[in-house]
> 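Here it is, the structure in full.
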Amino acid sequence: MHRQNYQDILAQVQTPTRYAGNEINTVKKTLDQVDLTFGLVFPDLYEIGTSHFGIQILYSILNNQENIAAERFFTPAQDMEQLMTDKGIPCLSMESQRELSAFDIIGISLLYELNFTNILTLLSLSKIPFYTDQRDDNFPLIIGGGPCAFNPEPLADFFDAFVIGDGEEAILQIANQVIEFKKNGDGKKKTLLRQLSTIEGVYIPSFFTPHWDDNGIQTLTPLYDDYTSVKRAFLPALTMNTFPMDPIVPYAKPVHDRLRLEIARGCSRGCRFCQAGMIYRPVRERSVEDLLKIAKFSLKSTGYSEMSLLSLSTGDYSNLAPLMQQLLAMNQGQCNSISLPSIRAERLTPELMELIKTVRKTGFTIAPEAGTQRLRDIINKNLTEESISATVKNALELGWKNIKLYFMMGLPFEEMEDIEGICRLSTQLAVAYAKGKKGITVSVACFIPKAHTPFQRHSQMTLEQTQEKLQYFKDNLRHKQINLKWQDPKMSLLEGVFARGDRRLGPLLVAAFENGCRLDGWTDKFRFDLWEKAFEDTGIDPLFYTSRTRSDDEALPWDHIDSGVTDAFLKREFQKATEQAATLDCRDHECSGCGVCDFKKIQPVLHEVNAFPTTPPPAALPTLLPDDAFSKFDVLFSKLDRARFFGHLELATIVERAIKRAGLVVKYSKGFNPIMKISFDNALPLGMESEQETLSIYLETGSRPDKIKEILNAVFPTGLHVIECRHHSKLRQEDTTRSAYEIRFSAPCLDQATIDRFLNLSEFMVEDRSKKGKIRRTDLRQSVQTMTLMGPTTIQMALQQYNTRNIRPTEVLAKYFKIDDTVLQTARIKKLAQG
Ligand code: SF4
């Protein structure tokens, strides 16, 4: 029942492909035949969640187990949430449309503090009580993981468990423990949690009781003597076993729409504000050999045209040049590209510069973080002004059009001269290098102290201070080649509250959710007024969490979470910050004693430089077959069922990737960014099905049409099906001026007499404005050739163009028959034939 309603409401929401599922490489198992069902939740919109590499890793690891089925959930946008609430539809999985509450385990990725209300949206829609003590033993086990789990306390009352650190091994250990418990356990969640607490990296918040002293400082009393702190889970090395070789290819355009190759994890540069630099240590590189095997397999299984090399600092990868050479060599003739987000000047070898000239340029980011050398030394950002300047110069000369400079305001020990320094440095770089179409984006964010960093005890700026500094930037960064961007200071304030919050924030989160806070990470959705009300209602002072410096002996809410980096190291680093003393990267220098490595199981994994044989750099453009090696083919295909939700641009990308997966040799346009030569006869409106669409494509002369049809059908997603493939012939061109449609309503809304009255008219003129704003007059009666009632809820119509304008059946139904928008949105409209 839910499934049917769900399908119906997709036609009424923006971007229905966010919810349609069935993407390439999704895994569908019979949920009743596995030992464990695992709901993987990313608490943000689909386009953000599907860009997250971590969820792809877990999905792949879990589904590689025959007896486990993992399915995905994302937070619905507000239009969808409203419809789901109105119709009583719970959150349903992307794969089987199974309810979230029916899964054995719900695993939620915690990447960003402003996603926290999105978790409550999902639980609320699924009728799962928020607080653990309100959920009995029958509710799913709710587990969180990701960087925000390193201070889990604000969410402690909602989660049964957290995984701290690398999830690859822990997730399977948890899954197997739960399977065993389902078979032989006593059915009591507390018993299960006690067993799970023995797994490395698993934190059970209910096994710690909070207390607050007179100053409002939280301490925790452990319930068990043998479980007083939780050590982070470590993955000693990145292997092929845990890599998602055939990642899901999303439909609705994700923020990162490309193949992501995680080349390394961890960064040991030691920036003193950076949480990721502390909690993902040590550096573990993947070998070039593994990455090439992965890239070859994954490009084939996804059909992606672009790859990005994923790591906290891509330019530090030991074998970046050989890796890029091999990847580019592998892509000859395929028109694939690699995107590089940034490279520091000192890593730019002549060899690498030659290679970079050949790759596609997306944004280039360089993060000086601070405007003066003094402050960069304090934060241990080992970048000199000369090196920043050289990097910007190189990047613009190598072909990047826009450079993004990333700064922070409010860093510890910041003076006014540091703020002025940001304006001075940015303007200097713009004057020197940004000419013509080349520009510099200066992005300024508010420093937010994070747990497990040397600055974890430092205060955060107040809203007023942030706004004052922001105004200074607006007044002083006025060079015409500079584009200033900033993060909303109110969002930073809220992020700061939760980043170092304690268990008292649980009720605040619930109050904010109940006030209507949704998708707080989206500037256009963020409602600080509703948050202010929630602070007021719960009596919580945000400044207690943000604007207070913690003394060295004050207990921190995350004291029981052991990230591996010792407290002594963090304090030593803070002291060195006050002395502007550098701590060098243990990648190139000696170990600085952060405490993470035991040098037996855990240690940096770095590969010997140039260990992999290199080939000469490839030519700047892929080697393509000459134009006369190709012929044009017409492919007739149907677009039915859930494929009706593919928008026209989405369809073009879906077909292009299918052609790449099929391994067909296709003609590309000339130029630096070659485009596949493919064209569609018609742009079908979103939501409309079709029995017959046509696309044309240039393939190798001599390709057999029947074979093309077979190959494409093997790789097309559900809902798209090739009916016929044939050599293109002008004589056989379809008549695109006439089409026949079938419309099925969910309830009767037309009768034959009304239809006949319309058909008996000599004309029915309507007026509207074209996209260019011109008034146009259309005779809808003349456009309708036939209209027949086929049954109580079904009609068929044949329409022809009016003055070269395609008339849609919905236009006639709305304008003459006055059928309501919502009725038309839920009707199934199918194009039956053309010509
Ligand atoms: S223990 Fe030493 S080698 Fe290991 S990550 Fe820390 S500083 Fe680097």
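Atoms considered below: every heavy atom in the structure, side chains included; atoms not considered: hydrogens, waters and symmetry mates.
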> State which residue, out of Lys831, Gln834, Lys639, fulfils the side chain to side chain donor-acceptor pair (under 3.5 Å) condition with Glu693.
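It is Lys831, the one option of Lys831, Gln834, Lys639 that forms the side chain to side chain donor-acceptor pair (under 3.5 Å) with Glu693.
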
> Counting only heavy atoms not in Glu767, do more than 12 sit closer than 6.0 Å to its CD atom?
yes

> Should the pair Arg518-Glu81 be classified as a salt bridge under the 4.0 Å nitrogen-to-oxygen rule?
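Glu81 and Arg518: salt-bridged.
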
> Are Arg757 and Tyr816 side-chain neighbours, meaning at least one heavy-atom pair lies under 4.5 Å?
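Yes; the side chains approach each other to less than 4.5 Å.
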
> Can you check whether Ser739 reaches Leu799 side chain to side chain, under 4.5 Å on heavy atoms?
no

> Do His727 and Phe633 come within less than 4.5 Å of each other through their side chains, counting heavy atoms only?
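With C-beta onward as the side chain, the pair touches.
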
> Where do Lys29 and Asn63 come nearest, in terms of heavy atoms and distance?
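Smallest interatomic distance, heavy atoms only, reads NZ-O, 2.9 Å.
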
> Run the ring-centre check on Phe645 versus Tyr251 and record whether the distance is less than 6.0 Å.
no

> Give the minimum heavy-atom separation between Val784 and Met787, together with the two atoms involved.
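Distance-wise, the nearest heavy atoms are CG1-CB, 4.1 Å.
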
> Measure from the side-chain N and O atoms of Glu95 to the backbone N and O of Arg72, and report whether any donor-acceptor pair falls under 3.5 Å.
yes

> Hey, is the main chain of Glu700 close enough, under 3.5 Å, to the side chain of Ser703 for a donor-acceptor pair?
yes

> So do Phe74 and Arg18 actually touch side chain to side chain, heavy atoms under 4.5 Å?
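Contact flag for Arg18/Phe74 side chains = no.
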
> Looking at every heavy atom in both Arg661 and Thr302, which two are closest together, and how far apart are they?
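Closest heavy-atom pair between Arg661 and Thr302: NH1-O, 3.1 Å.
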
> Do Lys253 and Thr653 come within less than 4.5 Å of each other through their side chains, counting heavy atoms only?
no

> For the side chain of Asp79 and the backbone of Val13, is there at least one donor-acceptor N/O pair under 3.5 Å apart?
no

> Can you tell me how the ring of Phe42 sits relative to the ring of His52, calling it parallel under 30°, perpendicular over 60° and tilted otherwise?
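If you compare the ring of Phe42 with that of His52, the planes turn out tilted.
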
> So, does Lys709 use its side chain to make a donor-acceptor pair with the main chain of Ile723 at under 3.5 Å?
yes

> With side chain to side chain contact (heavy atoms under 4.5 Å, CB included) as the test, would you mind laying out the steps for Met94 and Phe73 before giving the verdict?
CA-CA 6 Å; Met94 297 295 292; Phe73 294 83; over 6 Å; no

> Kindly say whether the aromatic ring centers of Phe630 and Tyr668 come within a distance under 6.0 Å.
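No: the rings miss the under 6.0 Å criterion.
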
> Could you tell me whether a side-chain N or O of Thr826 sits under 3.5 Å from a main-chain N or O of Val823, the two making a donor and an acceptor?
yes

> If you measure from OG on Ser308 to CZ on Arg258, what distance do you get to the nearest 0.5 Å?
5.0 Å

> Could you tell me whether a side-chain N or O of Asp779 sits under 3.5 Å from a main-chain N or O of Arg781, the two making a donor and an acceptor?
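Yes; judged by distance alone, with no hydrogens or angles, the pair exists.
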
> Run the ring-centre check on His721 versus Phe637 and record whether the distance is less than 6.0 Å.
no

> Would you say Tyr59 and Pro247 make side-chain contact, with heavy atoms under 4.5 Å?
no

> After noting the C-alpha distance and the side-chain angles of Val666 and Ile678, does the key distance pass the side chain to side chain contact (heavy atoms under 4.5 Å, CB included) rule?
CA-CA 9 Å; Val666 198; Ile678 178 169; over 6 Å; no

> Side chain to side chain contact (heavy atoms under 4.5 Å, CB included) between Leu651 and Leu720: does it pass, once the steps are laid out?
CA-CA 10 Å; Leu651 178 69; Leu720 294 185; 3.8 Å; yes

> Verify, without hydrogens or angle tests, whether Ser638 (side chain) and Glu691 (backbone) share a donor-acceptor contact under 3.5 angstrom.
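Such a contact is absent between Ser638 side chain and Glu691 backbone.
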
> Would you say the side-chain atoms of Gln82 and Asp86 include a donor-acceptor pair closer than 3.5 Å?
yes

> Taking atom CD1 of Ile24 and atom OG1 of Thr718, what is their separation to the nearest 0.5 Å?
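Ile24 atom CD1 to Thr718 atom OG1 measures 7.5 Å (nearest 0.5 Å).
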
> Angle between ring planes, Phe758 versus Phe764, binned at 30° and 60°: parallel, tilted or perpendicular?
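Correct class here is perpendicular.
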
> Minimum heavy-atom separation for Asp634 to Ser729, with atom names?
OD2-N, 4.1 Å

> Hey, are the side chains of Leu261 and Leu327 touching, using non-hydrogen atoms and a 4.5 Å cut-off?
yes

> Just wondering, more than 12 heavy atoms not from Lys296 lying within 6.0 Å of its NZ?
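Open: at most 12 neighbouring heavy atoms sit under 6.0 Å from NZ of Lys296.
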
> Run the side chain to side chain contact (heavy atoms under 4.5 Å, CB included) test on Thr15 and Leu45 for me, step by step, so that the C-alpha distance in whole Å, both residues' side-chain angles and the decisive distance to 0.1 Å come before the verdict.
CA-CA 11 Å; Thr15 326; Leu45 296 182; over 6 Å; no

> Provide the closest heavy-atom pair for Leu750 versus Leu789 in the form atom of the first, atom of the second, distance.
O-CD1, 4.0 Å

> Is a side-chain donor-acceptor pair under 3.5 Å present for Gln785 with Gln800?
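Gln800 vs Gln785: donor-acceptor pair found between side chains.
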
> Which pair of heavy atoms, one from Pro685 and one from Arg808, lies closest together, and at what distance?
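So the two residues come closest at CG-NE, 3.4 Å.
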
> Could you list the residues that satisfy side chain to side chain contact (heavy atoms under 4.5 Å, CB included) with Glu710, not counting sequence neighbours?
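Counting only residues at least two positions away or on another chain, Glu710 forms a side chain to side chain contact (heavy atoms under 4.5 Å, CB included) with Lys707.
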
> Please round to the nearest 0.5 Å and tell me the distance separating atom CG of Asn806 and atom OG of Ser783.
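So the gap between those two atoms works out to 9.0 Å.
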
> I'd like to check Ile795 versus Met790 (side-chain heavy atoms, cut-off strictly below 4.5 Å). Are they in contact?
no

> Please check this pair: side chain of Asn118 against backbone of Leu519, looking for a donor-acceptor N/O pair closer than 3.5 Å.
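The answer is yes, because a donor-acceptor pair under 3.5 Å joins these two groups.
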
> Donor-acceptor pair, Arg657 side chain versus Ile654 backbone, under 3.5 Å?
no

> Let me confirm one number: the CD1-CD1 distance from Ile697 to Ile659, rounded to the nearest 0.5 Å.
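Reported to 0.5 Å precision, the distance equals 3.0 Å.
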
> Do Asp751 and Thr754 meet the criterion of a side-chain donor-acceptor pair at a distance under 3.5 Å?
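Asp751 vs Thr754: donor-acceptor pair found between side chains.
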
> Answer yes or no: is there a donor N or O on one side and an acceptor on the other, between the side chain of Thr17 and the main chain of Phe646, under 3.5 Å?
no

> Sequence neighbours left out, what pairs pass ring pair (Phe, Tyr, Trp, His ring centres under 6.0 Å) with at least one residue falling in residues 681-705?
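Residue pairs passing ring pair (Phe, Tyr, Trp, His ring centres under 6.0 Å), neighbours aside: none found.
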
> If you round to the nearest 0.5 Å, how far is OG of Ser679 from CG of Leu695?
7.5 Å

> Which value, rounded to the nearest 0.5 Å, describes the distance between Thr786 atom OG1 and Met797 atom CE?
8.0 Å

> Between Thr778 and Arg805, is any side-chain donor less than 3.5 angstrom from a side-chain acceptor?
yes

